[in-house]
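Source: prediction; values computed, not measured. The sequence lines fix the lettering, A, B, ..., with proteins before strands; numbering per chain opens at 1.
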2 protein chains.
Amino acid sequence: MQIVMNAPAARHFDAAVLSRAAVAQGRRPAGVGSVRTLDKDEELFAEGDPAVSFYRVTQGVVRTSKLLSDGRRQIDAFHFPGDVFGVEAGAEHRFSAEAASAATVIAYRRRDLDDLLFDETFSREVLGAMMHALERAQRHMLLLGRKSAIEKIATFLVDMAERLAGADAVELPMSRLDIADHLGLTIETVSRSLTELERKGVIDVPASRRTIVLRDKAALARLNG
Amino acid sequence: MQIVMNAPAARHFDAAVLSRAAVAQGRRPAGVGSVRTLDKDEELFAEGDPAVSFYRVTQGVVRTSKLLSDGRRQIDAFHFPGDVFGVEAGAEHRFSAEAASAATVIAYRRRDLDDLLFDETFSREVLGAMMHALERAQRHMLLLGRKSAIEKIATFLVDMAERLAGADAVELPMSRLDIADHLGLTIETVSRSLTELERKGVIDVPASRRTIVLRDKAALARLNG
DNA sequence: CGCTTCCTTGATTTACTTCAAAAAGTGTGG
DNA sequence: CCACACTTTTTGAAGTAAATCAAGGAAGCG
């Protein structure tokens, strides 16, 4: 993988490496980066790897997670096109990152914390990404610590609907296992909760089981706890 | 409460408002701030309040938390002397802050995200605090989502021992209810887990019940999951 | 198609909660 | 300093949400 240094002298950017999503949103990356394509479940980096780069998703979904010694997993976030992840204060990545679906990312060479602070070229977007990650983490702690299974699923669906900008149908790009490991549940409970919401008429889960039709968003919002 | 603006022209700092702890640790604040003393359970700010200031603890412990509509609470973090909290990207605080014990904080006037990015006077310490908060939040999600009650308590005790720098006895400054709401448990389960750890000989809980003696740190670490 | 993977459903178990009460600790005023 | 009231913590018994164990069905794929 080739990493292009984002030297101050090279503060233009190469349109070729920009995602359509980023362009569409009027965003620019923190510098010039290298494209990396990932198959489903392919690992981008592991917990403890040296944090050489940070990343922006351009296609597909990337999950970041932590493992317990016996294999229990917590997915702290799913990253969609436009999202920046993998920014670290220290020398190492504190979680692993894998493609939750086939995905493409752009890698940007990381800078030191000192550079981040005093280098004007450091994009507000990266700091924004960090604050956004913190905000989401704090909301997610409330979910993990205090919500019931149904409330977790309802919150998750509303969240996905917002992020995927789907009118009233969400095409979930990740497996039930990924959802379970994100919400602190088992796949069985995820499945049963979805069935229960369907029985109540709040959602509809057609054949493929990957698409969720949000029948009653108000009811879903009420179930958020 | 008086807030002193941290204008670039006033980049000295007033020793009078520095905590002994901060001085002892060779730290300096991000600027000049105003001291605020809090009684136990006194509120510093509520979720949704305009984020006028951010804070540094100088004495005691401050808890930051979020509530669900029916009152269920998740304490996302306890802040000890030296810790900075309440830094926000947006206009509002996203959680409330109260004193978990009698406490003193210094309030610093917040800046806008843009200022944070391009103002050289923005302390690396504040960015450091943010990254630290994110790191802790990510570890805490793993705890909330995937650890058992005993593992949660063991992790919490090891954590407190590190942060309070107590050799092998931790004087817990917060109530069982606070601990429960931090770990996603009930007070009864917290109490039972402590009793269980005591029965196993891993800890000792003398009379006052606020001090925990860590008898077997290795065993505790093993119980972290 | 047939094979594999993913998802759902059912039966049972269990970790944790809830409800209830006792015990211990802390504070206050006489 | 003690008695009384209040708060916090512990302990016990019963209930329950979600996990685990175990098949069965569907969907996707070569």
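Rounded to whole angstrom, the span from the CG atom of Leu172(B) across to the P atom of dG25(C) amounts to 16 Å. Per the geometry, CG belonging to Leu183(A) stands 11 Å off P belonging to dA19(D), to the nearest Å. Taking atom CD on Glu196(A) and atom P on dT16(D), their separation rounds to 16 Å, with Å as the unit. At whole-Å resolution of the value, CD1 in Ile150(A) and P in dA18(D) are 8 Å apart. Taking atom CG on Asp181(A) and atom P on dA18(D), their separation rounds to 17 Å, with Å as the unit. Between the CG atom of Leu177(B) and the P atom of dT18(C) there is a distance of 12 Å, given to the nearest Å. Here the C1' atom of nucleotide dA18(D) and the CG atom of Leu185(B) are 15 Å apart, to the nearest Å. Going from atom CD1 of Ile187(A) over to atom P of dC21(D) covers 13 Å, rounded to whole Å.
Pairing each heavy atom of Glu42(A) with each of Thr37(A), the nearest pair is OE1-O, 4.1 Å.
Comparing the axis of the opening five pairs of the helix from dT8(C)-dA23(D) to dG30(C)-dC1(D) with that of the closing five pairs yields an angle of 50°, rounded to 10°.
Proximity of Thr189(A) to the phosphate of dA19(D): a side-chain N or O atom is located under 4.0 Å from OP1 or OP2. Taking 4.0 angstrom as the limit, Thr186(A) places a side-chain polar atom (N or O) nearer than this to OP1 or OP2 of dA19(D). For Arg192(A) and dA18(D), the shortest distance from a side-chain N or O to OP1 or OP2 is not below 4.0 Å. A close approach under 4.0 Å does occur between a side-chain nitrogen or oxygen of Arg209(B) and OP1 or OP2 of dT10(D). One finds a side-chain N or O of Thr195(B) lying less than 4.0 angstrom from the OP1 or OP2 phosphate oxygen of dT11(D). Checking the phosphate oxygens (OP1, OP2) of dC7(C), a side-chain nitrogen or oxygen of Arg210(A) falls inside 4.0 Å.
Summarising the geometry, atom CZ belonging to Arg63(A) is positioned 9.5 Å from atom OG belonging to Ser101(A); distances are rounded to the nearest 0.5 Å. One finds the CZ atom of Arg176(A) at 7.0 Å from the CZ atom of Arg210(A) (value rounded to the nearest 0.5 Å). Interatomic distance, Ser65(B) OG to Met141(A) CE, rounded to the nearest 0.5 Å: 11.0 Å.
Tyr55(A) and Phe85(A) have parallel rings, their planes meeting at less than 30° on a 0 to 90° scale where 60° marks the start of perpendicular.
Each of Glu188(B) and Ala207(A) was matched to the nucleotide of DNA chain D holding its nearest heavy atom; the match closer to the 5' end belongs to Glu188(B).
Among Val84(B), Thr58(B), Val57(B), the single residue meeting the side chain to side chain contact (heavy atoms under 4.5 Å, CB included) criterion with Ile106(B) is Thr58(B).
A distance-only check finds a donor-acceptor pair linking the side chain of Lys66(A) to the backbone of Arg94(A) [under 3.5 Å].
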